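Every value quoted in this text rests on a predicted model; they were computed, and no experiment measured them. Numbered from 1 within each chain, the chains take letters A, B, ... in sequence-line order.
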Amino acid sequence: MTNSNFYQKVYDVVSQIPEGNVTTYGTIAKYLSSPQSSRMVGWALNKSPEDVPAHRVVNRIGMLSGKIHFSGINLMQQLLENEGIIVENNQIIDFENLFWDPKKELN
DNA sequence: CTGTTGACTGTCG
DNA sequence: GCGACAGCCAACA
């Protein structure tokens, strides 16, 4: 990481999320610098390239808060279910078990 | 340049 | 347990 590009780091971390796992905006923000920048993560993902699996990133309660930004309303849920993640009522089931911590995995 | 908004989170009542 | 308020920073009108 030559330059501390917040956006680039977000893309980098999100891209490394294993299939079938999810994380939260706050966790990524905290891993990068400050938890307050969680909104910036969302903003970054708004402009995120298709290479970034933004559908694996949800809010702290495991709810698909960003699904409305996807082309289809259930596209995000479909993608998650396709990876083996159970989603119901826009909320990830067994979220804590599927949670992926970059600070723990990437160290 | 000023003001509002946003894929969030934590704290307070 | 739930609703409301504040903080943070960047993009957009």
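Cluster membership for A/Val22 and A/Tyr31, using ILVMFWY side-chain heavy atoms within less than 4.5 angstrom, is not shared.
Taking atom CG of residue A/Leu32 and atom P of nucleotide B/dC8, one finds them 16 Å apart after rounding to whole Å. Rounded to an integer number of Å, the gap from NZ of A/Lys30 to C1' of B/dC8 is 14 Å. Rounded to an integer number of Å, the gap from A/Leu45 CG to C/dA11 C1' is 15 Å. Rounding to whole angstrom units, CE of residue A/Met63 and P of C/dC2 are separated by 13 Å. Across the protein-nucleic acid pair, A/Met40 atom CE and C/dC12 atom C1' stand 13 Å apart, rounded to whole Å. Atom-to-atom, CZ of A/Arg60 to P of B/dA7 comes out at 17 Å; the value is rounded to the nearest Å. When the C1' atom of B/dC8 is taken as reference, atom CZ of A/Phe95 falls 13 Å away, rounded to whole Å. The distance from atom OH of A/Tyr25 to atom P of B/dG10 is 14 Å, rounded to the nearest whole Å.
Closest to the side chain of A/His69, out of C/dA11, B/dG6, B/dC8, is B/dG6. When each of B/dG10, B/dG6, B/dA7 is scored by its nearest atom to the side-chain atoms of A/Trp43, the top-ranked nucleotide is B/dG6.
Nucleotide B/dC1: unpaired (no Watson-Crick or G-U wobble partner with both distances less than 3.5 Å).
Within the 4.5 Å cutoff, side-chain heavy atoms of A/Thr23 are placed close to those of A/Pro102.
For A/Arg39 against C/dC8, a side-chain N or O and a base N or O form a donor-acceptor pair under 3.5 Å.
Note: A/His69 NE2 to A/Met76 CE = 10.0 Å, rounded to the nearest 0.5 Å.
In this structure, A/Lys47 reaches the sugar-phosphate backbone alone: every heavy-atom distance under 4.0 Å involves primed, P, OP1 or OP2 atoms, never a base. Contacts of A/Asn59 with the nucleic acid, taken as non-hydrogen atoms under 4.0 Å apart, involve only primed sugar atoms and P, OP1 or OP2. Contact annotation for A/Ala54: base contact, defined as any heavy-atom pair under 4.0 Å involving a base atom.
The shortest non-hydrogen separation linking A/Ile93 to A/Glu88 is CD1-CB, 4.0 Å.
Regarding contacts with the backbone of B/dC8, a side-chain N or O of A/Ser65 is found under 4.0 angstrom from either OP1 or OP2.
The one candidate from A/Leu80, A/Val14, A/Leu45 that meets the side-chain contact (heavy atoms from CB on, under 4.5 Å) condition with A/Pro53 is A/Val14.
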